[in-house]
Amino acid sequence: MAPAADHETFYDRVYDLIRRVPEGSVVTYGQVAALLGAPAASRAVGYALRALPSSSDVPWWRVINARGAISLKGRGPGADIQRDLLEREGVSFDADGVVNLRAFRWWPSVEDGR
DNA sequence: GAGATGACGGGCT
DNA sequence: AAGCCCGCCATCT
């Protein structure tokens, strides 16, 4: 536990980025990794979210996989919770439980925070 | 220091 | 078209 890095860990960077995702929008694991400069670290991104405490202010539910589906599927009730949270924000799912990334995917604007 | 883990992704069969 | 397999990366034990 306690990653204890004097420097912000990769996790922190992941959280920081996700905190910028506005309501009603989503991003993919691979996308987050790419934005952090590690396009192949999508798994690490998921790992970061897994370790995320529920008390966090990070909107983890806005992160889904490249297919536009919820990866928590098959992993407990988490998937239903995530889906519910997204639908409340206006993100819609199709019959297969997939989000239309073309319509809901968010990309940070140059002026946004970077 | 080495091995195992995991909310992923992409390629190949 | 669907499913299986391998690779990637950062962290944890």
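Only this structure's heavy atoms are used, side chains among them; waters, hydrogens and symmetry mates stay out. Numbered from 1 within each chain, the chains take letters A, B, ... in sequence-line order.
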Length of the [atom1]-[atom2] vector between [X] and [N], whole Å:
X: A:Arg13; N: C:dC9; atom1: CZ; atom2: P; answer: 14 Å
X: A:Phe10; N: C:dC12; atom1: CZ; atom2: P; answer: 13 Å
X: A:Arg50; N: B:dG6; atom1: CZ; atom2: C1'; answer: 7 Å
X: A:Leu49; N: B:dA7; atom1: CG; atom2: C1'; answer: 6 Å
X: A:Tyr47; N: B:dA7; atom1: OH; atom2: C1'; answer: 12 Å
X: A:Tyr11; N: B:dG6; atom1: OH; atom2: P; answer: 11 Å

Legend entry - Pair A:Val26-A:Leu101, side chain to side chain contact (heavy atoms under 4.5 Å, CB included): steps then yes or no: CA-CA 8 Å; A:Val26 297; A:Leu101 289 175; 4.0 Å; yes
Legend entry - Step-by-step side chain to side chain contact (heavy atoms under 4.5 Å, CB included) determination, A:Ile70 to A:Val99: CA-CA 9 Å; A:Ile70 293 174; A:Val99 173; over 6 Å; no
Inset, instruction - Using modelled atom types only, decide if a donor and an acceptor are shared between the side chain of A:Asp96 and the backbone of A:Val98 within a distance under 3.5 Å. - result: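 Absent.
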Inset, instruction - Go through the steps to decide whether A:Leu72 and A:Trp60 satisfy the test side chain to side chain contact (heavy atoms under 4.5 Å, CB included), and finish with yes or no. - result: CA-CA 12 Å; A:Leu72 287 170; A:Trp60 57 268; 4.0 Å; yes
I'd like to check the side-chain contact (heavy atoms from CB on, under 4.5 Å) partners of [X]; sequence neighbours left out, ordered by chain and number.
X: A:Arg88; value: A:Asp84
X: A:Arg43; value: none
X: A:Ser42; value: A:Tyr29
X: A:Leu36; value: A:Phe10, A:Arg13, A:Val14, A:Val32

At a cut-off of 3.5 Å, list every protein nitrogen or oxygen paired with a nitrogen or oxygen from nucleotides 8-12 of chain B, distance to 0.1 Å.
from  : atom 1 : to      : atom 2 : distance (Å)
B:dC8 : OP1    : A:Ser71 : OG     : 3.0
B:dC8 : O2     : A:Ser42 : OG     : 3.4
B:dG9 : OP1    : A:Gly30 : N      : 3.3
B:dG9 : OP1    : A:Ala66 : N      : 3.0
B:dG9 : OP2    : A:Ala66 : N      : 2.7

Legend entry - Sorted by number, the residues of residues 87-95 of chain A with heavy-atom contact under 4.0 Å to DNA chain B: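 Heavy-atom cutoff 4.0 Å gives no residues at all.
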